[in-house]
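Numbering of residues begins at 1 and proceeds along the displayed sequence.
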Amino acid sequence: MHFAQWKEIGKPMPFAIAIGTDPLIPLVASMAIPAGINEADVIGGLRGKPLEVVKGETVDLFVPHNAEIVIEGTVDIDQTRSEGPFGEYTGYMTSTRKEQPVFHVSALTHRDDPILTVVCPGEPVDDHLCMSVSLAADALCVLRQNNIPVIMTYIPPIAALHLLIIAVDKKAYQGNDIIQDIGQTIWSTKIGTLLPKILVVDSDIDPTDTNKVLWSFATKCHPQKGVVFFPSTVVFPLSPYLYPEEKKNRKCTTVIFDCTWPSDWNNDYIPQKGSFDSLWPKEIQEKVLSNWTDYGFSNYEVE
């Protein structure tokens with residue numbers, strides 16, 4: 001957006017690269033902050049104090065005061081150079097070599113003995129996948145804004161932003177089809193382009209517990225009725241499985257795996273979970289837990 005504005009003016013775009021900043025800066029930078037909202041204000045709100053900035057040496061921009069290294073300059077609105085390919089968040093070299101604007105450096109400032117922080121995107125889990133946190137939060141926000149009773153959202157870092165896990169309270173939903181409404185909500189927003197697959201679980205499943213999620217998927221997702229496709233959805237072109245035409249058009253089918261009990265099943269038909277906390281009386285549970293190590297077992301969580 002900024003580059004387009006400077007290109008319209010006909011002048012090089014002032015630019016600064018801050019390296020080694022407060023960790024909140026890259027986290028907030030990856031969030032879907034609406035246009036017109038100052039990201040520095042959001043960072044200050046989360047930190048509980050204003051983000052300290054200082055005027056650049058050669059550009060009319062403010063940069064983080066505590067950055068290890070700052071590179072200043074201008075981005076040329078006409079000159080380009082061939083760049084890439086690079087390793088991407090997917091864990092593959094899925095980008096192509098293409099022409100990109102040239103950055104002309106006018107100054108480099110740094111602290112004494114600066115720390116050069118580096119992210120080299122590669123096979124998960126990698127540090128660049130911190131965006132899993134902010135993207136899951138964005139999804140939670142938009143779902144709740146649309147009155148979908150979401151308990152929690154989670155994007156496993158190992159999934160490289162390709163799988164969103166949602167725990168819902170289906171009994172609290174007032175709409176007709178919660179799965180269709182989840183798909184329509186997520187894939188009608190910009191954040192949905194990065195989330196081609198969604199897995200929905202019941203409220204008793206912790207989305208961050210991989211074992212419970214896999215158990216729920218394997219035992220509760222109907223091979224036909226539990227797989228819901230959304231054709232011709234706008235997707236991000238770096239997904240490795242996309243065919244050339246799909247990458248070009250940025251359109252592909254997305255999918256939701258419904259790992260919840262069907263809404264039309266009554267309580268008598270829904271299988272009871274055969275777990276420690278659901279089958280045994282409360283007093284027996286408390287007795288076992290309080291004497292667990294005395295029985296000679298390790299101090300692991302009992303489920």
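Around atom CD of Glu283, more than 12 heavy atoms belonging to other residues, nucleotides or ligands sit under 6.0 Å away. Counted within 6.0 Å of OH on Tyr295, heavy atoms from surrounding residues, nucleotides or ligands total more than 12; the atom is thus considered enclosed. Around atom CH2 of Trp280, no more than 12 heavy atoms belonging to other residues, nucleotides or ligands sit under 6.0 Å away. Residue Asp60 qualifies as open at atom CG: its count of foreign heavy atoms under 6.0 Å is 12 or below. Residue Arg81 qualifies as open at atom CZ: its count of foreign heavy atoms under 6.0 Å is 12 or below. Counting non-hydrogen atoms of neighbouring residues, nucleotides and ligands closer than 6.0 angstrom, the CD atom of Gln100 exceeds 12 such neighbours. In the displayed structure, Gln79 atom CD is contacted under 6.0 Å by more than 12 heavy atoms of other residues, nucleotides or ligands. Crowding of Phe230 atom CZ: a count of heavy atoms from other residues, nucleotides or ligands under 6.0 Å exceeding 12.
Using a 4.5 Å cut-off between side-chain heavy atoms of Ile, Leu, Val, Met, Phe, Trp and Tyr, with links allowed through other members, Val125 and Leu195 fall into different hydrophobic clusters. Clustering ILVMFWY residues whenever any of their side-chain heavy atoms sit less than 4.5 angstrom apart, transitively, puts Ile179 in a cluster other than the one holding Phe229. Taking hydrophobic clusters as Ile, Leu, Val, Met, Phe, Trp and Tyr residues chained together by side-chain heavy-atom distances below 4.5 Å, Phe3 shares a cluster with Ile9. Note: the hydrophobic cluster containing Ile155 does not contain Val119 (ILVMFWY, side chain heavy atoms under 4.5 Å, direct or indirect links). Using a 4.5 Å cut-off between side-chain heavy atoms of Ile, Leu, Val, Met, Phe, Trp and Tyr, with links allowed through other members, Trp215 and Ile151 fall into different hydrophobic clusters.
When all heavy atoms of Lys11 and Ile77 are compared, the closest pair comes out as O-CG2, 3.3 Å. Closest heavy-atom contact between Pro26 and Thr21: CD-OG1, 3.7 Å. Among all heavy-atom pairs drawn from Ile191 and Val142, the shortest one is CD1-CG1, 4.0 Å. The minimum heavy-atom distance between Val213 and Asp206, with the atom names listed, is CG2-O, 3.7 Å. Scanning all heavy atoms of the two residues, the minimum distance from Ile69 to Pro114 falls at CG1-CB, 3.8 Å. Among all heavy-atom pairs drawn from Ala16 and Leu61, the shortest one is N-CD1, 3.9 Å.
Side-chain atoms of Thr185 never come within 3.5 Å of backbone atoms of Leu143 as a donor-acceptor pair (strictly under, hydrogens ignored). Checked by atom type and distance alone, the side chain of Lys170 pairs as donor or acceptor with a backbone atom of Trp261 at under 3.5 Å. Listed for the Asn266 side chain is a donor-acceptor partner under 3.5 Å among the backbone atoms of Asp268. With hydrogens and angles ignored, the 3.5 Å screen pairs a side-chain donor or acceptor of Glu72 with a backbone N or O of Thr58. A donor-acceptor pair under 3.5 Å is absent between the side-chain atoms of Trp187 and the main chain of Pro196, judged by distance alone. In this structure, the side chain of Asp138 engages the main chain of Ala32 through a donor-acceptor pair within 3.5 Å. A donor-acceptor pair under 3.5 Å is formed between the side chain of Asp22 and the backbone N or O of Leu24.
Looking at heavy atoms from C-beta onward, Thr253 lies in side-chain contact with Pro231 at the 4.5 angstrom threshold. With a 4.5 Å cut-off on side-chain heavy atoms, Phe257 and Val227 count as touching. By the 4.5 Å heavy-atom criterion applied to side chains, Thr210 and Pro156 are not counted as neighbours. Residues Val200 and Ile198 meet the side-chain proximity criterion, which asks for heavy atoms closer than 4.5 Å. Using a 4.5 Å cut-off on side-chain heavy atoms (C-beta onward), Pro124 and Ile158 make contact. Between Leu199 and Cys259 the shortest side-chain heavy-atom distance falls below 4.5 Å. Between Leu161 and Ser132, the closest side-chain pair of non-hydrogen atoms falls below 4.5 Å. The shortest distance between side-chain heavy atoms of Leu194 and Met131 falls below 4.5 Å.
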- Start with the C-alpha gap between Phe276 and Leu289, add the side-chain angles, then the distance that decides, and say whether side-chain contact (heavy atoms from CB on, under 4.5 Å) holds. CA-CA 11 Å; Phe276 177 74; Leu289 292 174; 4.2 Å; yes
- Item | Pair Leu242-Arg250, side-chain contact (heavy atoms from CB on, under 4.5 Å): steps then yes or no | CA-CA 9 Å; Leu242 293 175; Arg250 300 190 63 164; over 6 Å; no
- Query: Stepwise, does the side-chain contact (heavy atoms from CB on, under 4.5 Å) test hold for Lys251 with Val234?
  - Reply: CA-CA 5 Å; Lys251 291 285 188 71; Val234 177; 3.6 Å; yes
- Task: Tell me, with the steps shown, if Tyr154 and Val201 meet side-chain contact (heavy atoms from CB on, under 4.5 Å).
- Result: CA-CA 11 Å; Tyr154 180 62; Val201 296; over 6 Å; no
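Here the CG-CG distance, from Asn176 to Asp181, works out to 7.5 Å after rounding to the nearest 0.5 Å. Atom CD1 of Ile270 and atom CG of Asp202 lie 7.5 Å apart (nearest 0.5 Å). Within the model, atoms OG1 of Thr193 and CD1 of Ile186 stand 11.0 Å from one another, a figure rounded to the nearest 0.5 Å. Rounded to the nearest 0.5 Å, atoms OG (Ser275) and NZ (Lys212) are 7.5 Å apart. Put simply, CD on Glu68 and CD1 on Ile115 are 4.5 Å apart, with the number rounded to the nearest 0.5 Å. Note that the CG atom of Leu51 and the CD atom of Glu39 stand 11.0 Å from one another [nearest 0.5 Å].
Remark: Lys220 does not engage Asp258 in a salt bridge, criterion side-chain N to carboxylate O under 4.0 Å.
Defined by atom type and a distance below 3.5 Å, a donor-acceptor pair is missing between the side-chain atoms of Lys273 and Ser278.
The cationic atom of Lys197 (NZ for Lys, CZ for Arg) lies less than 6.0 Å from the six-membered ring centre of Tyr241 and within 45° of the ring axis.
Using the six-membered ring where Trp is involved, Phe236 and Tyr89 have ring planes that are tilted, between 30° and 60° apart.
Listed by first and then second residue, the ring pair (Phe, Tyr, Trp, His ring centres under 6.0 Å) pairs that reach into residues 99-123 are Phe15-Phe103, sequence neighbours excluded.
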